[in-house]
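Down below is the structure, laid out as structure tokens.
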Amino acid sequence: HVQLVESGGGSVQAGGSLRVSCALSGDTTSGYCMGWFRQAPGKEREGIASISKVDVPTYATSVQGRFRISKDTAKNTLDLQMDSLTPDDTAMYYCAARSRLAVGTWNFFSREDYDYWGQGTQVTVS
């Protein structure tokens, strides 16, 4: 049974950096398409970064050039390095994984295309 647990959130000043991680248990990250989503108060959950089974990343325009998604196979984690943070990046950050059995086109930033979710980790930029 796949479980995802995020860590590494916290508070940082604008312009700073933060790294959040998502530990996957029950399987290995290499077998999954995975993504990072975030949800700010009063807003919809939005996809911001995704990575395929063969480690091809895709980024939302809002984070392109500032965030980097990666898999650490040794630790079996999905990581998100966030640089040049602004107050607009303040949100709860969630990692997600798409089922190995999923068929059809993978819409990178569509919540409906992911089957497993973590509980979230808060990032606050002031």
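Numbers here are sequence positions counted from 1. Atoms considered below: every heavy atom in the structure, side chains included; atoms not considered: hydrogens, waters and symmetry mates.
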For this session: May I ask you to test the Arg98-Trp106 pair for a side-chain heavy-atom distance under 4.5 Å?
Result: yes
Exercise. Hey, what else clusters with Val54 if you join Ile, Leu, Val, Met, Phe, Trp, Tyr whenever side-chain heavy atoms sit under 4.5 Å?
Worked result: Val56
For this session: Quick one: closest heavy-atom pair of Phe108 and Ser50, and the distance?
Result: CB-OG, 3.4 Å
Seminar exercise, completed: Taken to the nearest 0.5 Å, the spacing of Cys33 SG from Asn107 CG works out to 11.5 Å
Problem set entry | Spatial distance of atom CD (Gln64) from atom OG1 (Thr58) [nearest 0.5 Å] | 9.0 Å
Exercise. Taking atom OG of Ser84 and atom CZ of Phe67, what is their separation to the nearest 0.5 Å?
Worked result: 9.0 Å
Problem set entry | Connected via hydrophobic side-chain network under 4.5 Å: Val5 and Tyr114 | no
Problem set entry | side-chain contact (heavy atoms from CB on, under 4.5 Å) between Met34 and Thr29, worked out | CA-CA 8 Å; Met34 301 186 73; Thr29 57; 4.0 Å; yes
For this session: Just jot down the side-chain contact (heavy atoms from CB on, under 4.5 Å) partners of Arg111, sequence neighbours excluded, or say none.
Result: Phe37, Glu44, Arg45, Trp117
Exercise. Would a distance-only check, ignoring hydrogens and angles, find a side-chain to backbone donor-acceptor pair under 3.5 Å from Thr121 to Gly9?
Worked result: yes
For this session: Indicate whether any N or O donor in one side chain lies under 3.5 Å from an N or O acceptor in the other, for Asp83 and Ser17.
Result: yes
Problem set entry | Tyr94 and Leu4: CA distance, side-chain angles, deciding distance, side-chain contact (heavy atoms from CB on, under 4.5 Å) verdict | CA-CA 9 Å; Tyr94 299 90; Leu4 303 173; over 6 Å; no
Problem set entry | Sub-4.5 Å side-chain heavy-atom contact between Leu78 and Leu24 | no
Problem set entry | Side-chain (Asn76) to main-chain (Asp27) donor-acceptor, under 3.5 angstrom | yes
For this session: Kindly indicate, with the supporting measurements, whether the criterion side-chain contact (heavy atoms from CB on, under 4.5 Å) is fulfilled by Met82 and Tyr93.
Result: CA-CA 11 Å; Met82 303 182 289; Tyr93 283 70; 3.7 Å; yes
For this session: Give a yes or no on whether Leu85 and Met92 share a hydrophobic cluster (residues Ile, Leu, Val, Met, Phe, Trp, Tyr; joining criterion: side-chain heavy atoms under 4.5 Å apart).
Result: no
Problem set entry | N/O donor-acceptor pair under 3.5 Å between Thr90 side chain and Pro87 backbone | yes
Problem set entry | Shared hydrophobic cluster, Leu80 / Tyr116 (ILVMFWY, side-chain heavy atoms < 4.5 Å) | yes
Problem set entry | Cationic N near anionic O, under 4.0 Å, Asp79 to Lys71 | no
Exercise. Quick one: does Asp72's side chain have a donor or acceptor within less than 3.5 Å of a partner on Ala74's backbone?
Worked result: yes
Exercise. Please walk me through it: do Val20 and Val123 pass side-chain contact (heavy atoms from CB on, under 4.5 Å)?
Worked result: CA-CA 9 Å; Val20 291; Val123 172; 4.1 Å; yes
For this session: Considering non-hydrogen atoms only, spot the tightest contact between Pro57 and Ile69 and give its length.
Result: CB-CG2, 3.7 Å
Exercise. With distance as the sole criterion, is a donor-acceptor pair present between the side chains of Trp36 and Tyr59 under 3.5 Å?
Worked result: no
Exercise. Which heavy atom of Cys95 sits nearest a heavy atom of Glu6, and at what distance?
Worked result: N-OE2, 2.9 Å
Exercise. Listed by chain and number, what are the salt bridge (Lys or Arg N to Asp or Glu O under 4.0 Å) partners of Asp89, not counting sequence neighbours?
Worked result: Arg38, Arg66
